[in-house]
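Numbering starts at 1 and runs along the sequence shown. Values below: every heavy atom of this structure, side chains too, minus hydrogens, waters and symmetry copies. Everything quoted here is computed from the prediction, not taken from an experiment.
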Amino acid sequence: MDLFNYSRRETAEVNVGGAPLGSSHPIRIQSMTNTPTPDTEACVAQVKRIVDAGADYVRLTAQGIKEAENLKNINAALRHDGYMVPLVADIHFNPNVADVAARYVEKVRINPGNYVDGARTFKKLEYTDEEYAKEIQKIRERLVPFLNICKENHTAIRLGVNHGSLSDRIRNRYGDTPEGMVESCMEFLRICVSEHFTNVVISMKSSNTAVMVKSVRLLASVMEKEGMKFPFHLGVTEAGEGEDGRIKSALGIGALLSDGLGDTIRVSLSEAPEAEVPVARKLVDYVLQREGHPYIPGAEAAEFNYLSPVRRETAVLHNIGGDQVPVVIAERLDGKGGTNPEFRPDYIYTGHHLPEDREAGVEYIVDADLWKGEKDTYPAFNSEQLPFIGGCSADLKFLFLTYMAQTDEVIACLKQHPEIVIISQSNHPNRLGEHRALVHQLMNEGLKNPVVFFQHYEENEAENFQIKAAIDMGALILDGLCDGIFLYNQGNLSHATVDATAFGILQAGRVRTSKTEYISCPGCGRTLYNLESTIARIKAATSHLKGLKIGIMGCIVNGPGEMADADYGYVGAGRGKISLYKKKECIEKNIPEEEAVEKLIELIKANGDYTEEK
């Protein structure tokens with residue numbers, strides 16, 4: 001794979017009704033209903049809204065035989081009204097339901113973690129190699145009849161591996177790891193290939209963007225070694241809603257699409273399903289602008305491991321680099337303030353002049369040609385000002401630099417000045433590739449200067465800004481190359497919005513925590529309480545808490561597993577009933593929904609993690 005130049009990964013074609021994917025087909029957009037599948041009228045109406053919003057596929061949950069049987073009626077009603085969208089059935093725990101659904105929809109999603117293996121219990125189980133092989137044989141015996149039904153009905157399947165529902169068998173041998181997710185998938189893929197069934201799509205999902213991206217990269221490599229070219233469905237599970245859901249989805253999905261991985265995507269938001277579709281479309285369209293871009297002559301550093309990246313080793317300069325969290329640099333070139341104390345940048349760049357009124361707790365950067373050595377400020381140079389760097393006595397300097405300007409003279413200067421922090425700039429259509437090329441050249445030269453990525457936009461809508469900035473930063477963060485982020489927007493957005501987006505991106509990339517993180521599912525036909533209003537109530541009561549992760553799950557299918565690294569969990573247990581978790585432990589079951597939010601706050605307080613809002 002070329003780290004610096006965009007091209008889509010070559011994949012096989014998979015036929016999904018009248019909208020095939022993979023190969024040379026467009027990247028498909030999809031969403032999922034949250035209406036009860038037995039309610040034909042409600043499902044049909046919602047599918048129409050999703051399709052009218054621009055979706056290529058629509059998924060519906062089929063948790064039982066009754067729901068699977070009704071897919072026939074939903075499909076027929078849609079076709080009668082002229083909606084030919086391929087339908088996808090979502091199956092958990094019961095392979096018999098998959099057998100039924102495969103007769104009535106164009107694609108069936110099964111989960112290798114619970115298709116044959118029992119529900120996850122987090123118990124320690126040890127298998128001998130012989131016992132393990134017998135478990136694989138059990139999967140074959142149950143999977144092959146399903147594949148035959150799919151062959152007969154021209155039904156595609158998605159092998160949907162979810163980090164939150166890996167089986168105890170996989171988890172005990174491989175751990176809760178991307179490697180475990182890959183093996184869970186490959187067990188099923190090898191059976192599919194041996195049975196000459198290739199109408200298969202793969203997904204590797206997690207609410208943790210680092211796990212999600214690493215698992216897809218790793219699976220693509222493993223499949224290539226075994227001669228497989230199955231296409232990918234991409235998504236970040238339980239991404240949440242609002243700006244958090246958009247940033248987290250754009251960062252994870254965008255990091256993979258930017259490297260040419262991904263043939264269909266779903267942006268999972270805890271909102272109306274049709275709201276997911278335009279976000280997904282913006283995401284895909286922005287990445288595809290890179291097609292046919294001018295060639296970037298980058299050279300990959302020998303020490304870089306794309307499949308298992310670690311943070312690049314850099315010098316510690318003030319609070320930048322080393323093992324410190326990436327910094328946020330903001331600009332105030334208009335001379336105005338507007339810092340939100342919730343998301344206070346580490347540095348503010350003001351151009352030629354320091355403001356009369358300085359924002360408390362922030363350090364300043366000014367242009368070097370007018371810098372007078374003011375206390376607590378740092379000079380910024382561009383590559384044409386290298387002769388001035390040697391005469392600057394500051395113990396911290398910033399150098400604005402592009403990859404193409406990183407000449408032998410610049411490299412020599414950097415070797416003489418380890419106190420320089422590089423602010424990497426790019427106006428290239430594939431700015432990810434150019435930023436990467438700059439850092440890899442530093443690595444090849446043995447340079448340890450920290451790198452802050454400067455990203456420039458002209459956006460007037462917050463959603464567009466959040467999506468684009470998260471896409472551009474995703475792979476850079478997850479590659480371990482980011483010592484800081486500097487977002488500059490020349491549109492109408494406030495400084496506070498830009499700053500909050502920068503901090504949101506770093507949190508979505510799991511490299512700096514600045515606020516409560518909500519791991520909330522988008523809801524589906526299995527959800528038995530009002531998810532959107534519940535999220536709003538929980539956020540209102542807890543958003544001021546710092547550093548906590550709170551899982552808000554519609555049901556138990558992925559709930560306990562997907563929120564395993566959350567501090568607290570709120571999970572639907574039945575109609576109008578909620579169970580509360582502390583880490584992986586269920587603390588209280590079947591609480592009436594109207595009491596559950598208050599009980600959650602009581603649980604957080606009882607464990608000393610709650611502070612009153614100031």
Side-chain angles (χ1 to χ4, degrees), residues 6 8-9 11 14 16 19-22 25-34 46-60 85-88 90 107 109 158 160 201-207 209 212-213 216 231-291 459 461-475 504-505 508 520-524:
Y6 173 81
R8 277 183 69 184
R9 166 178 169 260
T11 68
V14 170
V16 185
L21 64 83
H25 298 291
I27 297 172
R28 304 293 189 182
I29 305 297
Q30 56 183 286
S31 184
M32 183 176 184
T33 62
N34 59 17
Q46 192 171 69
V47 169
K48 289 179 178 179
R49 291 195 296 273
I50 294 170
V51 173
D52 291 344
D56 298 296
Y57 310 133
V58 179
R59 182 159 47 114
L60 304 93
V85 59
L87 300 182
V88 184
D90 194 63
K107 184 167 73 172
R109 182 261 174 150
R158 169 159 69 97
V201 184
I202 311 298
S203 69
M204 309 286 280
K205 294 191 177 185
S206 173
S207 61
T209 54
M212 173 258 194
V213 168
V216 173
F232 279 113
H233 164 128
L234 304 181
V236 178
T237 61
E238 285 74 44
E241 42 85 69
E243 69 177 63
D244 292 342
R246 285 156 176 77
I247 289 173
K248 185 183 283 190
S249 294
L251 188 142
I253 297 171
L256 292 166
L257 286 182
S258 297
D259 284 338
L261 299 165
D263 304 277
T264 177
I265 74 167
R266 187 226 174 161
V267 173
S268 297
L269 300 175
S270 301
E271 303 174 19
E274 56 268 29
E276 299 176 346
V277 178
V279 176
R281 174 48 57 198
K282 289 178 180 180
L283 206 163
V284 169
D285 288 349
Y286 184 61
V287 171
L288 291 181
Q289 290 177 13
R290 305 172 188 191
E291 290 184 317
E459 300 297 331
E461 294 184 13
E463 180 180 89
N464 293 342
F465 175 69
Q466 292 157 0
I467 290 171
K468 292 179 180 181
I471 291 171
D472 288 330
M473 283 304 306
I505 288 170
S520 61
C521 74
C524 66

Would you check if [X] and [Y] make a side-chain contact, meaning some heavy-atom pair closer than 4.5 Å?
| X | Y | answer |
| --- | --- | --- |
| R158 | R59 | yes |
| I27 | L257 | yes |
| R246 | K282 | no |

- prompt: Between D472 and Y286, does any side-chain donor sit less than 3.5 Å from a side-chain acceptor?
  reply: yes
For the atom pair [atom1] ([X]) and [atom2] ([Y]), what is the distance rounded to the nearest 0.5 Å?
| X | Y | atom1 | atom2 | result |
| --- | --- | --- | --- | --- |
| E243 | F465 | CD | CZ | 11.0 Å |
| N34 | Q46 | CG | CD | 4.5 Å |
| K48 | E274 | NZ | CD | 14.0 Å |
| L60 | M32 | CG | CE | 7.0 Å |
| I471 | S249 | CD1 | OG | 10.5 Å |
| I467 | L251 | CD1 | CG | 12.5 Å |

Identify the two heavy atoms, one from [X] and one from [Y], that lie closest to each other, and give their separation to 0.1 Å.
| X | Y | result |
| --- | --- | --- |
| S203 | G160 | OG-CA, 3.1 Å |
| Q30 | R266 | O-CG, 3.3 Å |
| D56 | P86 | O-CD, 3.3 Å |
| L269 | G245 | CD2-C, 3.7 Å |
| V216 | F232 | O-CZ, 3.8 Å |
| S268 | V236 | CB-O, 3.7 Å |

- prompt: Between D259 and R9, is the closest basic N to carboxylate O distance under 4.0 Å?
  reply: no
query: Salt bridge or not for R281 and D285, using N-O below 4.0 Å?
result: yes
- request: Report the C-alpha separation of H25 and D263 in whole Å, then their side-chain angles, then the decisive distance to 0.1 Å, and conclude whether the side chain to side chain contact (heavy atoms under 4.5 Å, CB included) test is met.
  value: CA-CA 8 Å; H25 298 291; D263 304 277; over 6 Å; no
From CA spacing to verdict: side chain to side chain contact (heavy atoms under 4.5 Å, CB included), V284, I29: CA-CA 9 Å; V284 169; I29 305 297; 3.7 Å; yes
task: Scan E459, E463, Q289 and name whichever one has a side-chain hydrogen bond (donor to acceptor under 3.5 Å, both in side chains) with K468.
output: E459
field: L21 vs H233, side chain to side chain contact (heavy atoms under 4.5 Å, CB included): CA-CA, chis, key distance, verdict
entry: CA-CA 10 Å; L21 64 83; H233 164 128; over 6 Å; no
statement: Checking V279, L234, V277 against V267 for side-chain contact (heavy atoms from CB on, under 4.5 Å), the one that qualifies is V279
Determine whether a donor-acceptor pair (N or O, by modelled atom type, separation under 3.5 Å) exists between the side chain of [X] and the backbone of [Y].
| X | Y | answer |
| --- | --- | --- |
| T209 | G252 | no |
| S207 | T237 | no |
| E271 | E276 | no |
| T11 | G22 | no |

